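One structure is given below, encoded as structure tokens.
Heavy-atom basis, side chains included; hydrogens, waters and symmetry copies ignored. Numbers here simply count residues along the sequence, with the first being 1. Just so it is clear, the structure is predicted and the values come from calculations on it, not from any experiment.
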Amino acid sequence: MPARLPSLTLVSGPAASGKSRWAEHLAQRSGRPVVVLATGPDLPDDVSWQDRLERHRQRRPPSWRTLEVGGELSAGLLDLGQHELGLVDSLGTWVSAHLDLDRPAWQDRVDTLLATIQNLASPLVLVSEETGWGVVPMTAAGGRFRDRLGELQQGMAPHCEAAWLVSQGRALNLADLGLLVPTAEP
């Protein structure tokens with residue numbers, strides 16, 4: 001049986017930082033059967049998107065199973081077996097799938113996801129983009145994406161046993177380097 005793993009690991013970083021590769025490394029190192037839960041949309045006419053997906057697929061061992069869950073991440077997580085490790089790539093594309101939801105419907109999605117994750121018997125590695133490190137989005141949808149993803153990451157942080165920040169191809173263990181920011185007092 002594989003060694004004890006953190007039940008929930010968050011790996012975040014900016015675009016093209018190496019975060020997916022680091023998450024794949026952690027998953028491979030676990031010794032467990034890996035199930036990739038892909039949250040990206042199906043964009044068959046987008047050559048650049050298809051190239052990116054193909055690079056991700058080519059890196060993964062052929063024994064890994066992939067579930068194309070799109071925006072239905074919570075339901076996809078229920079397909080994980082107890083001895084498998086789930087690798088979610090990524091929270092950013094999951095957030096994008098729900099940008100049209102109003103605030104209460106969005107919060108319901110987040111609550112459902114958190115409840116599903118907390119009840120999983122399988123360890124989980126979540127990949128998430130970091131936003132807001134550069135230009136501030138000039139559109140309402142861009143700002144909503146940035147805010148929702150940031151709030152989701154901060155909401156997950158207290159539940160994570162491990163947290164990594166990947167930048168410039170380097171993985172930093174945030175659990176060793178930092179402290180959780182306290183929530184705002186009412």
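Glu24 and Arg59 are joined by a salt bridge, as a carboxylate oxygen and a charged side-chain nitrogen come within less than 4.0 angstrom of each other. A salt bridge links Arg103 with Glu151: the distance from a Lys NZ or Arg NE/NH1/NH2 to an Asp or Glu carboxylate oxygen falls below 4.0 Å. The pair Lys19-Glu130 does not count as a salt bridge, with every side-chain nitrogen at least 4.0 angstrom from each carboxylate oxygen. A salt bridge links Arg57 with Glu54: the distance from a Lys NZ or Arg NE/NH1/NH2 to an Asp or Glu carboxylate oxygen falls below 4.0 Å.
Contact check for Thr9 versus Trp164: side-chain heavy atoms found under the 4.5 Å cut-off. For the pair Leu114 and Met156, the minimum side-chain heavy-atom distance is below 4.5 Å. Within the 4.5 Å cutoff, no side-chain heavy atoms of Val127 are placed close to those of Val88. Two residues are said to be in side-chain contact when any heavy atoms from C-beta on lie closer than 4.5 Å; Leu149 and Glu129 meet this criterion. Between Arg60 and Val36, some side-chain heavy-atom pair lies under the 4.5 Å cut-off. A 4.5 Å side-chain heavy-atom check between Leu53 and Leu43 finds every atom pair outside the cut-off. A 4.5 Å side-chain heavy-atom check between Leu37 and Leu87 finds every atom pair outside the cut-off. By the 4.5 Å heavy-atom criterion applied to side chains, Pro44 and Trp49 are not counted as neighbours.
Between atom CG of residue Leu172 and atom OG of residue Ser167 there is a gap of 7.5 Å, rounded to the nearest 0.5 Å.
Counted within 6.0 Å of CZ on Arg146, heavy atoms from surrounding residues, nucleotides or ligands total more than 12; the atom is thus considered enclosed.
Test Val125, Leu174, Leu91 against Leu10 for side chain to side chain contact (heavy atoms under 4.5 Å, CB included) and you get one pass: Leu91.
Counting only distance, with no hydrogens or angles, the side chain of Trp94 and the backbone of Gly71 share a donor-acceptor pair below 3.5 Å. Looking at Glu84, its side chain never comes within 3.5 Å of a backbone N or O of Pro33 through a donor-acceptor pair. No donor-acceptor pair under 3.5 Å is formed between the side chain of Asp108 and the backbone N or O of Pro104.
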inquiry  = side chain to side chain donor-acceptor pair (under 3.5 Å) for Ser17 and Gln168? Distances and angles first, verdict last.
reply    = CA-CA 5 Å; Ser17 62; Gln168 302 174 17; over 6 Å; no
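Looking only at atom types and distance, the side chain of Asp46 has no donor-acceptor partner in the side chain of Gln50 under 3.5 Å away.
The nearest pair of heavy atoms linking Leu85 to Ala27 is CD2-CB, 3.6 Å.
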